[in-house]
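In what follows, chains are A, B, ... by sequence order, proteins preceding strands, each numbered from 1.
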Amino acid sequence: MLDDMDKLVSLCKRRGFIFPSSEIYGGLNGFWDYGPLGVELKRNIKDAWWRDNVRMRDDMVGLDCSIIMNPRVWEASGHVGGFSDPMVDCRASKERYRADQIFVFAYVYPAVNHKGEPTEAWLAGLGGTPEEAAEHVEKRAAKLAKRFGQPVGAPSIIPYLKLEPNDRDKVVGPATEDRGTLTEPRAFNLMFKTFVGALESESNVAYLRPETAQGIFANFKNVVDTGRVKLPFGIAQVGKSFRNEINPRNFTFRSREFEQMEIEFFCRPDQAQEWYDYWRKARFQWYVDLGLKSDRLRLRDHDPDELAFYSTATADIEYAFPFGVSELEGIAHRGDYDLTQHMKFSGKDLTYFDEERKERFTPHVVEPSAGADRATLAFLCEAYAEDEVGGESRTVMRFHPRLAPVKAAVFPLVKRDGMPETAEAIYRDLKRRHNVFYDEKGAIGRRYRRQDEAGTPFCLTVDSQTALDGTVTIRDRDSCRQWRIPKADACQALDNLLDGLPIPGDA
RNA sequence: GCGGGUGUAACUCAAUGGUAGAGUACCUGCCUUCCAAGCAGGCUACGUGGGUUCGAUUCCCAUCACCCGCUCCA
């Protein structure tokens, strides 16, 4: 079990799974590159997802949308405006608040200072409404009343965003006694901005997509009109997304450029809950089937107060990483929120006509949204193991065979007696179907261990007996167990092993 | 974004105000018939930019990156 990310980061670097982006220039915070083994692993994960969720199903189609879209898409989705809230920092308490959730209560007390001016106290309170904010403020105001007398009249209530800049210094933050510790509201827009065309003007601003989902909604009508699809059905997309995270952390877990595997599953409103339950279970099981078997994998339903305002139910598939329990995938029941928003902003009709029921309605959506990089990281963490073979410790990556970057390695036991030639012929044969590796250098034990660290599930070795009876040994990564198979059956044996079918010639 | 820590070879780590050493790994050769064996040889490093100094990997400043804690995570 991996208990320390440093070990994994080190192995990823050493074996070529993951490197810091543009490392020779010192890297870039929040960006990572996948090396030769990493790209195979991540690709296998994405391929498994696509195969299991799109190809193998009759009710799913795929899509590949552009990363830069008409900026109006992000107005409809709420990414421009709604979620780019200005934030306010408190210099004293180091707290950060949403500016729209701070209300300032300006009290005036009868006591006067040496200039004869009345004593004022501008107290900041937190809450979605002035009433909520007042609760906290009133206690503090009452304390002040003991010193300065009962306030004159009711306090004036000013939303922090409406505050005159000069008045900001008067405000006492929610967690301090001192005035003037709050900063001006600052925008934290998490979308990467760019310009379409050579001219950098406000009129041609565009954004790198912060999620793949909106491209699916924007194409809903196209798919319905041309795809010969009938409700219920889903649209799937795998692709890069970008979020200018304030604080990237935890290796590749929170990156500024990342890859998503998203499904928007459209259905009749009265079936949405059923489909939500279905996807919640199905998506969890997918991770289990691919090897996240330990109790580090969890399914957690959101509490009602955690839900986005448009969602009636959301569940997170979480994994207990060494740095904490974190989300791999969210399954959200989003109702008709997204299509309704896009109808409002685009003016286009995105309702669906059910031919059998002769009904027109706006489909409801269940959204299983997974992070490919997060899944990759979870599979890496889960696979990492240290055990002992013949009294020697080894590091082994126990990837599910479907996900392993290299499926098999082929070795000659020693570099003579025609063994390399025989081994290479087997290698050439296997390579047509699988990602396999050939190695004739060094001691055989060393070659096995090298493959263990790469997570290669099987090793085929040509020895002196091969020339006599045409068999080779096959070694299992996890158990180090070996048995012999005819070399002519090598390809079929590997196919079976990778598919979990019975092993030919097993003894 | 705040606070703390760390940056030396591919990896893990030393030492040092006078330009650096080990283990592992990697490469070449010999040997070797199944789990990191042995012998010989070889390659590779002071994150970046300033400053102090005759001279800086070492001291100072800044910056970048990573780690830990807070914060954030639509």
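A:S77 and A:Q214 are not linked by any side-chain donor-acceptor pair at a separation below 3.5 angstrom, with hydrogens and angles left out of the test. Checking A:T461 against A:D463 by side-chain atom types alone, no donor-acceptor pair falls below 3.5 Å.
Here, B:rC70 and B:rA10 have their P atoms 34 Å apart, quoted to the whole Å. The separation of B:rA56 from B:rG51, taken at their C1' atoms, amounts to 11 Å, rounded to a whole angstrom. Across B:rA9 and B:rA20, the matching C1' atoms stand 11 Å from one another, rounded to whole Å. The gap from the C1' atom of B:rU16 to that of B:rC61 amounts to 22 Å, rounded to the nearest Å. Nucleotides B:rC26 and B:rA15 are separated by 25 Å at their C1' atoms, to the nearest Å. B:rG69 sits 46 Å from B:rG42 when the C1' atoms are compared, rounded to a whole Å. Straight-line distance between the P atoms of B:rC54 and B:rC64: roughly 31 Å, to the nearest whole Å. A gap of 14 Å separates the P atoms of B:rC66 and B:rU8, to the nearest Å.
Across the protein-nucleic acid pair, A:L28 atom CG and B:rG47 atom C1' stand 14 Å apart, rounded to whole Å. Taking atom CG on A:N244 and atom P on B:rG1, their separation rounds to 10 Å, with Å as the unit. Separating the NZ atom of A:K441 from the P atom of B:rG29 is a distance of 9 Å, rounded to the nearest angstrom. Put simply, NE2 on A:H79 is 13 Å from P on B:rC73, counting in whole angstrom units. Rounding to whole angstrom units, CZ of residue A:R256 and C1' of B:rC64 are separated by 13 Å. Here the P atom of nucleotide B:rA74 and the CZ atom of A:R209 are 19 Å apart, to the nearest Å. Rounded to whole Å, atom C1' of B:rA74 lies 10 Å from atom CD of A:E245. The interatomic distance linking A:D33 (CG) with B:rA65 (P) rounds to 14 Å, in whole Å.
In this structure, the side chain of A:Q482 does not engage the main chain of A:T473 through any donor-acceptor pair within 3.5 Å. One N or O on the side chain of A:R447 and one on the backbone of A:L413 form a donor-acceptor pair closer than 3.5 Å.
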Show, in sequence, the C-alpha distance, side-chain angles and deciding distance for A:N219 and A:I235, and conclude whether the side-chain contact (heavy atoms from CB on, under 4.5 Å) test is met.
CA-CA 9 Å; A:N219 276 292; A:I235 305 178; 6.0 Å; no

I'd like to know whether A:N44 forms a side chain to side chain donor-acceptor pair (under 3.5 Å) with A:E40, so could you lay out the CA-CA distance, the side-chain angles of the two residues, the decisive distance to 0.1 Å, and finally the verdict.
CA-CA 6 Å; A:N44 289 343; A:E40 295 290 344; 5.1 Å; no

Run the side-chain contact (heavy atoms from CB on, under 4.5 Å) test on A:Y448 and A:R394 for me, step by step, so that the C-alpha distance in whole Å, both residues' side-chain angles and the decisive distance to 0.1 Å come before the verdict.
CA-CA 10 Å; A:Y448 285 142; A:R394 71 162 179 168; over 6 Å; no

So which protein nitrogen or oxygen atoms get under 3.5 Å of nucleotides 9-11 of chain B's nitrogens or oxygens?
unit_1	atom_1	unit_2	atom_2	d
B:rA10	O3'	A:K13	NZ	3.3
B:rC11	OP1	A:K13	NZ	2.9
B:rC11	O3'	A:S10	OG	3.1
B:rC11	O2'	A:S10	OG	3.1

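Closest approach to the A:D6 side chain among B:rA65, B:rC67, B:rC70 is made by B:rC67 (side chain taken as heavy atoms from C-beta onward).
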Footprint string (nucleotides 31-43 of chain B, 5' to 3'): B base within contact, S backbone only, - free, heavy atoms under 4.0 Å
-BBBBBS------

Read 5' to 3' with Watson-Crick or G-U pairs under 3.5 Å, [ ] for crossing pairs and | for partners on another strand, RNA chain B gives (((((((..((((....[..)))).(((((.......)))))....(((((..]....))))))))))))....

Extract all donor-acceptor atom pairs below 3.5 Å that involve side chains of residues 63-72 of chain A and protein atoms in other chains or at least two apart in sequence.
unit_1	atom_1	unit_2	atom_2	d
A:S66	OG	A:I68	O	2.8
A:N70	OD1	A:R72	N	2.9
A:R72	NH2	A:F345	O	2.4

List, one per line, each side-chain donor-acceptor pair under 3.5 Å for residues 22-36 of chain A, sequence neighbours excluded.
unit_1	atom_1	unit_2	atom_2	d
A:E23	OE2	A:K13	NZ	3.4
A:W32	NE1	A:F251	O	3.2
A:Y34	OH	A:D373	OD1	2.7

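Considering A:R334, A:H342, A:Q341 as possible partners of A:D338, the one that fulfils the side chain to side chain donor-acceptor pair (under 3.5 Å) test is A:R334. None of A:R209, A:K240, A:K42 except one satisfies the salt bridge (charged side-chain N to carboxylate O under 4.0 Å, His left out) rule with A:E259; the exception is A:K42.
Surrounding CZ of A:R43 are at most 12 heavy atoms belonging to other residues, nucleotides or ligands under 6.0 Å away.
With hydrogens and angles ignored, no donor-acceptor pair closer than 3.5 Å exists between the side chain of A:R249 and the base of B:rC72.
Annotation: ring-ring contact (aromatic ring centres under 6.0 Å, His included) contacts of A:F253 (sequence neighbours excluded): A:F321, A:F323.
Within the nucleic acid shown, A:Y25 has no heavy atom closer than 4.0 Å to any nucleic acid atom. Across all strands shown, A:G324 has no heavy atoms under 4.0 Å from either base or sugar-phosphate atoms.
For A:N250 and B:rC68, the shortest distance from a side-chain N or O to OP1 or OP2 is below 4.0 Å. Dashed line: the shortest gap from a side-chain N or O of A:N29 to OP1 or OP2 of B:rC64 is not under 4.0 Å.
Residues A:E327 and A:G27 both approach RNA chain B. Their nearest nucleotides, taken by heavy-atom distance, put A:G27 toward the 5′ side.
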